[in-house]
Amino acid sequence: MSDPRWTELPASVRDATDAHVLADALLPAVLVLVRHGLNLRDAQLTVHERYEHLRDRVARGPEPPLGVDELAARAADAPGPVVRIAAEWDGDTVHDWFVDLIAVTSTGHHSLTTVTWGAAHRHLTEAEAGSAHPAAVLAARLGSELAARLGVPFRFDNPDQPGGAAPQPNTR
């Protein structure tokens, strides 16, 4: 890796960062670099580059289910009949923006899975994602297929705008 942000760091900082990356601990890896003086953006970019460099060695935890069969089984376990499948944006400081797929029943909302950028990136080609957020593309595909299988509508408000206006109450 020839990035000066990386090569100029002390070996102990590089080793600590890589140890966190190999354990799939994104936030602790970023914090090592921030504590060493990198700004947050540079630390995030550097850690991303380390994930890319160490890709095959990262001990990733199990991904949330991203298959229609698994999601259909989860929907079948929701209390009450499923009346709609919905996709909603959410986000946090570790995963950035992601999409939750939800089974809406007469008793409420029941989480089926979470589609993160990283998981979607691993499941889609660049051509499939295009310029859209990969999590939105994969969530829309899975949600549409699942809804069709269950014979219910699918709704994804603002698929092109993470953090867009939330749907109005009782409209999901």
Output the distance between atom [atom1] ([X]) and atom [atom2] ([Y]), rounded to the nearest 0.5 Å.
{"X": "Leu138", "Y": "Arg122", "atom1": "CG", "atom2": "CZ", "answer": "11.0 Å"}
{"X": "Leu146", "Y": "Ile85", "atom1": "CG", "atom2": "CD1", "answer": "4.0 Å"}
{"X": "His20", "Y": "Leu26", "atom1": "NE2", "atom2": "CG", "answer": "11.0 Å"}
{"X": "Ile102", "Y": "Asp90", "atom1": "CD1", "atom2": "CG", "answer": "8.5 Å"}
{"X": "His110", "Y": "Asp77", "atom1": "NE2", "atom2": "CG", "answer": "11.0 Å"}
{"X": "Leu142", "Y": "Glu145", "atom1": "CG", "atom2": "CD", "answer": "6.5 Å"}

Arg5, Arg55, Arg14 screened by salt bridge (charged side-chain N to carboxylate O under 4.0 Å, His left out) with Glu49, the one that passes: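 Only one option passes, and that is Arg5.
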Closer than 3.5 angstrom, by distance alone: can the side chain of [X] be matched with the main-chain N or O of [Y] as a donor-acceptor pair?
{"X": "Arg74", "Y": "Leu112", "result": "yes"}
{"X": "Thr116", "Y": "Phe98", "result": "no"}
{"X": "Thr107", "Y": "Pro79", "result": "yes"}
{"X": "Asn39", "Y": "Asp42", "result": "yes"}
{"X": "Thr113", "Y": "Pro65", "result": "yes"}

Pair Val83-Val152, side chain to side chain contact (heavy atoms under 4.5 Å, CB included): steps then yes or no: CA-CA 6 Å; Val83 297; Val152 298; 5.6 Å; no
Partners passing side-chain contact (heavy atoms from CB on, under 4.5 Å) against Ser144 (at least two apart in sequence or in another chain):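 Once residues adjacent in sequence are excluded, the partners of Ser144 under the side-chain contact (heavy atoms from CB on, under 4.5 Å) criterion are Phe154.
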Which residues share a side-chain contact (heavy atoms from CB on, under 4.5 Å) with Ala43, sequence neighbours left out: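 With neighbours one apart ignored, the set is Val30, Leu33, Val34, Leu38.
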Locate the shortest heavy-atom distance separating [X] from [Y]; write the atom from each residue and the value.
{"X": "Ala75", "Y": "Val82", "result": "O-CG2, 3.7 Å"}
{"X": "Val21", "Y": "Ala29", "result": "CG2-CB, 3.9 Å"}
{"X": "Thr105", "Y": "Gly80", "result": "CG2-O, 3.7 Å"}
{"X": "Leu66", "Y": "Ala119", "result": "CD1-CB, 3.8 Å"}
{"X": "Leu101", "Y": "Ala139", "result": "CD2-O, 3.8 Å"}
{"X": "Pro159", "Y": "Ala136", "result": "O-CB, 3.3 Å"}

Whether Trp89 and Phe156 hold their rings parallel, tilted or perpendicular, with breakpoints at 30° and 60°: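 Tilted.
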Pairs satisfying salt bridge (Lys or Arg N to Asp or Glu O under 4.0 Å), at least one member in residues 17-39, at least two apart: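 Sorted result for residues 17-39: Asp18-Arg50, Asp24-Arg60.
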CA sep, side-chain torsions, deciding dist, call: Glu8, Val13, side chain to side chain contact (heavy atoms under 4.5 Å, CB included): CA-CA 10 Å; Glu8 293 173 3; Val13 172; over 6 Å; no
Full working for side chain to side chain contact (heavy atoms under 4.5 Å, CB included) between Thr125 and Glu128: CA-CA 5 Å; Thr125 66; Glu128 289 173 310; 3.2 Å; yes
